[in-house]
Amino acid sequence: MTAKISYADVEVGTELPAGTFPVTRATLVQYAGASGDFNPIHWNEKFAVEVGLPDVIAHGMFTMAEAVRVVTDWAGDPGAVVEYGVRFTKPVVVPNDDKGAVIEVSGKVAAKLDDNTVRVDLVATSAGQKVLGMSRAVVRLA
């Protein structure tokens, strides 16, 4: 696969379609099984509170992966992402109810680089709090 977006068609300031990603306790259990990260802060409310957290929290790498989906969906090819990094600023708190939490992500082309690449800056929030900082991806376009 290659990116479906043409470098020539993108300008600095181009906004990517935003994404909304629900997270439930079941989602966290599935991710723990897939990743091998069974830290009890991600599934045991009693333990999470005992260590000073407000409740169970989503895995940082899960949050990071959900955020970059905005970029991969836009580009049309996950392999088009050649670099990606974030800083974890706040946890995604996932209550044990029918709703869970929601991660909301928006993105914008911040720079056109060499070799048909662009830098996309992402903003990821949950419950009105920014959960990722310095969230940036470099994407190779068609």
Any idea which heavy atoms bring [X] and [Y] closest together, and the distance?
X: V82; Y: R140; result: CG1-NH1, 3.4 Å
X: Y84; Y: L132; result: OH-CD1, 4.4 Å
X: V93; Y: A101; result: O-CB, 3.2 Å
X: A32; Y: F38; result: O-CZ, 3.4 Å
X: A110; Y: D121; result: CB-OD2, 3.3 Å
X: T117; Y: Y7; result: O-CE1, 3.3 Å

Would you confirm whether [X], through its side chain, and [Y], through its main-chain N or O, come within 3.5 Å as a donor-acceptor pair?
X: T72; Y: R69; answer: yes
X: D37; Y: N39; answer: yes
X: T89; Y: V131; answer: yes

Does a side-chain heavy-atom distance below 4.5 Å link [X] with [Y]?
X: V138; Y: V118; value: no
X: N96; Y: E45; value: yes
X: F21; Y: V102; value: no
X: I41; Y: L53; value: yes
X: V139; Y: V71; value: yes
X: E83; Y: V81; value: no
X: V94; Y: W43; value: no

Task: Partner set under side-chain hydrogen bond (donor to acceptor under 3.5 Å, both in side chains) for D55, not counting sequence neighbours - done: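 Per chain and number, D55 pairs via side-chain hydrogen bond (donor to acceptor under 3.5 Å, both in side chains) with R25.
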TODO: Following the transitive rule for hydrophobic clusters with a side-chain heavy-atom cut-off under 4.5 Å over Ile, Leu, Val, Met, Phe, Trp and Tyr, establish whether V23 and V29 coincide in one cluster.
DONE: no
TODO: Step by step, work out the side chain to side chain contact (heavy atoms under 4.5 Å, CB included) result for L122 and R136.
DONE: CA-CA 6 Å; L122 298 170; R136 297 177 171 172; over 6 Å; no
Open item on the list: Parallel, tilted or perpendicular, judged at 30° and 60°: which one describes the rings of H59 and H42?
Closed with: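 H59 vs H42 ring planes: parallel.
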TODO: Dump the intermediate steps for side chain to side chain contact (heavy atoms under 4.5 Å, CB included) on V10 and L141, then the final yes or no.
DONE: CA-CA 9 Å; V10 174; L141 301 178; 3.8 Å; yes
If you round to the nearest 0.5 Å, how far is [atom2] of [Y] from [atom1] of [X]?
X: S135; Y: K130; atom1: OG; atom2: NZ; answer: 9.0 Å
X: F88; Y: M134; atom1: CZ; atom2: CE; answer: 14.0 Å
X: F62; Y: T27; atom1: CZ; atom2: OG1; answer: 5.5 Å

Task: Member of I57, V105, V92 meeting the side-chain contact (heavy atoms from CB on, under 4.5 Å) criterion with T63 - done: V92
Open item on the list: Does K90, at its NZ atom, have more than 12 non-hydrogen atoms belonging to other residues, nucleotides or ligands within less than 6.0 Å?
Closed with: no
For residues 11-19, which side-chain donor-acceptor pairs fall under 3.5 Å, sequence neighbours excluded?
from, atom 1, to, atom 2, distance (Å)
T14, OG1, E11, N, 3.0
T14, OG1, E11, O, 2.7

Task: Listed partners of D97 passing side chain to side chain contact (heavy atoms under 4.5 Å, CB included), at least two apart - done: P95, K99
Open item on the list: side chain to side chain contact (heavy atoms under 4.5 Å, CB included), that's the test. Do V56 and L28 meet it? Break it down for me.
Closed with: CA-CA 9 Å; V56 165; L28 299 182; 3.6 Å; yes
